[in-house]
There are 2 protein chains.
Amino acid sequence: MTYPHERFAVKAACDLNEKNVSCCPVERLLGVVSGQWTAYLLWVLHQNGPQRFGALQKLIPGISTKVLTERLRMLEASGLLLREQAATIPPQVTYSLTPRGLELRALMDGLGDVARRWDAEGWRPPVR
Amino acid sequence: MTYPHERFAVKAACDLNEKNVSCCPVERLLGVVSGQWTAYLLWVLHQNGPQRFGALQKLIPGISTKVLTERLRMLEASGLLLREQAATIPPQVTYSLTPRGLELRALMDGLGDVARRWDAEGWRPPVR
DNA sequence: TAAGTCACTTACCAAAAGGTGCCTACTTAC
DNA sequence: GTAAGTAGGCACCTTTTGGTAAGTGACTTA
C-alpha cells in the first residue's frame, strides 16, 4: 500500500542505501544509520521519546525540512521508525521507534557515554 | 541534564556555532565517525587489529585510495588512529587504533552484534 | 633496462547531497 | 477576512563528495 506522503523521498531513501544491497551485515547496518543526521536523529528519539515533526526540527538545530523528511522516510522504510498521523487539522504526525529501533538502545547509550566522556576531557574533532 | 535543547544558553550556543563546530557532544562525535566508510573502517580495525594501507583496501572492497586516505588522515587528526611509517623501500605504513580509538570497543562490538542479529533475521535496508 | 612495489598526491570531472523559497490543505483564533 | 499553525512537496541552484587516471620516489627484481 502506498501512502500519499511516500511519493517524495522514498526514492531518496533508497538512494541512500543503493550501495549496501549486497555487503557484510555491519556495512549494511551502517549504510542505514551512518548518513548525516541519521544517527543523531535516532539518538534524539532514544533520549526524548516519540516526537512530532516540528519538535524534531527544534531538537536538531540546523537540519532542513528536506533532509529531516528524507531521513524520517528512510528510517521508516528501514523498519526503525513508526509514523503515525492523526487526522486532525492541522495534522499531527508523530514519529516513534519501532521495537527494532529500540534494539539500538544499548548502542545509543554507549554513544552518549563516550561522547560525554570525551567532551569532558576536552576532545575536539579536527578543524577541516 | 539533557542535551542540547533544554537550556537557552545551550541552544544559543548551538545557533552561534559555525556549522563544522557542533556544540552537542554526541553530534560532535558523530560528525567524526558517521561519514561514509568511516565507522566501517574503525570496525575493521577493531576486528583485525593494526593494518597496512594495502590491507585496508582489501578489507574494505569498493573504497577508493582517495577516500581511504582522507578517512585515515581525518581519524588520525582526531586522535583515534596512529600512523606509523617504516623508512623502508617501498615504504610500509601501518595504521592502528590509539587508546582513544580503543575506547570505541564496546560500541563496535555492539554494532557487530546488532548487525549480525538483524542479518540473521533477514532484515534488509529499503531497496527501490 | 624495464618493470614492479607501496603509499600515496594531484587534477579533473560527474554525481549526489543539501539549502532555499514558494506552495498546499484546513481550521481556529484574532 | 486574514493570519497562524502543521507537515510537508517541489523546483531550482550551489556545494560537496567521490571516482578515475595519471604521476611520484627510490629501490629491488627479472
Side-chain angles (χ1 to χ4, degrees), chain A residues 2-20 27 30-32 34-41 50-77 81-96 127-128, chain B residues 15 17-20 22 27 30-32 34-41 50-77 81-96 128:
Chain A
T2 306
Y3 297 91
H5 80 273
E6 292 176 352
R7 274 179 298 167
F8 169 78
V10 156
K11 181 193 176 302
C14 293
D15 287 347
L16 288 175
N17 294 304
E18 241 173 57
K19 294 163 190 165
N20 295 302
E27 220 178 324
L30 287 175
V32 170
S34 83
Q36 206 187 355
W37 297 117
T38 311
Y40 190 57
L41 173 55
Q51 296 291 324
R52 290 174 51 188
F53 189 88
L56 288 173
Q57 278 190 305
K58 283 172 193 123
L59 289 170
I60 309 177
I63 197 171
S64 68
T65 74
K66 178 185 170 182
V67 169
L68 179 54
T69 302
E70 275 181 12
R71 295 300 183 272
L72 290 169
R73 296 279 180 280
M74 189 265 287
L75 291 173
E76 189 195 358
L81 246 54
L82 179 66
R83 179 184 188 271
E84 287 170 295
Q85 179 165 11
T88 59
I89 304 272
Q92 297 191 350
V93 179
T94 301
Y95 294 91
S96 55
V127 189
R128 298 205 293 180
Chain B
D15 290 343
N17 248 318
E18 309 279 303
K19 62 179 172 181
N20 272 343
S22 174
E27 221 178 322
L30 287 175
V32 168
S34 81
Q36 209 189 351
W37 296 118
T38 312
Y40 189 57
L41 173 55
Q51 297 290 324
R52 291 176 50 189
F53 188 88
L56 288 172
Q57 278 190 303
K58 281 169 194 127
L59 288 171
I60 309 176
I63 197 171
S64 67
T65 75
K66 177 187 170 182
V67 169
L68 179 53
T69 303
E70 274 180 13
R71 296 299 182 272
L72 290 168
R73 295 274 179 281
M74 190 265 288
L75 291 173
E76 188 194 359
L81 247 54
L82 179 66
R83 178 183 188 272
E84 288 169 296
Q85 179 166 14
T88 58
I89 302 281
Q92 297 190 352
V93 180
T94 300
Y95 294 92
S96 55
R128 175 174 334 212

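Sequence lines set the chain letters: A, B, ... in the order given, protein chains first and strands last, and positions in each chain run from 1.
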To the nearest angstrom, how far is B:Ile60 atom CD1 from C:dA7 atom C1'? 15 Å
From CD of B:Glu76 across to P of C:dA7 the rounded distance in Å is 15 Å
Check step by step if side-chain contact (heavy atoms from CB on, under 4.5 Å) holds for B:Leu56 and B:Leu72. CA-CA 10 Å; B:Leu56 288 172; B:Leu72 290 168; 3.9 Å; yes
Give the rounded distance in Å between these two atoms: CG of B:Leu68 and P of C:dC8. 8 Å
Enumerate the side chain to side chain donor-acceptor pair (under 3.5 Å) contacts for residues 60-69 of chain B, please, sequence neighbours excluded, ordered by first and then second residue. none
Provide, to the nearest angstrom, the distance between the CG atom belonging to B:Leu72 and the C1' atom belonging to C:dA7. 11 Å
Out of D:dC12, C:dC8, D:dG8, which nucleotide sits closest to the side chain of A:Tyr95? D:dG8
May I ask you to verify if any side-chain N or O of A:Gln36 is less than 4.0 angstrom from the OP1 or OP2 atom of C:dA17? no
A:Arg83 CZ to D:dA7 P: how many Å, rounded? 10 Å
Give B:Gln85 one of three labels, base, sugar-phosphate or nothing, depending on what nucleic acid heavy atoms sit under 4.0 Å from its own. nothing
Please output the side-chain donor-acceptor pairs of residues 85-94 of chain B that fall under 3.5 Å, not counting sequence neighbours, one pair per line with the distance.
from: B:Gln85; atom 1: OE1; to: B:Arg83; atom 2: NH1; distance (Å): 3.2
from: B:Thr88; atom 1: OG1; to: B:Pro90; atom 2: O; distance (Å): 2.9

Round to a whole Å and report the spacing from NZ of B:Lys66 to P of C:dC8. 16 Å
Nearest to the side chain of B:Thr69, heavy atoms from C-beta on, is which of C:dA7, D:dG8, C:dT9? C:dT9
Distance, nearest 0.5 Å, that separates CG of A:Leu68 from CZ of A:Phe53: 4.0 Å
Given atom CD of B:Glu70 and atom C1' of D:dT16, what is their separation to the nearest angstrom? 11 Å
Checking B:Thr38 now: which residues fulfil side chain to side chain donor-acceptor pair (under 3.5 Å) with it, not counting sequence neighbours? B:Arg71
Verify the contact: side-chain N or O of A:Arg71 to OP1 or OP2 of D:dG8, cut-off strictly under 4.0 Å; return yes or no. no
Does a side-chain N or O from A:Arg52 land closer than 4.0 Å to OP1 or OP2 of D:dA7, or not? yes
Partners of A:Ala55 by side-chain contact (heavy atoms from CB on, under 4.5 Å), sequence neighbours excluded? A:Gln51
Rounded to whole Å, the CZ-P distance (A:Phe53 to D:dG8) equals 5 Å
Got a sec, which residues hit side-chain contact (heavy atoms from CB on, under 4.5 Å) with A:Ala39, two or more places apart in sequence or on another chain? B:Leu30
Closer than 4.0 Å, any side-chain N/O of A:Arg73 to the OP1 or OP2 of D:dA7? no
Could you go over nucleotides 22-30 of chain D and give all protein N or O partners under 3.5 Å, atom names and distances?
none

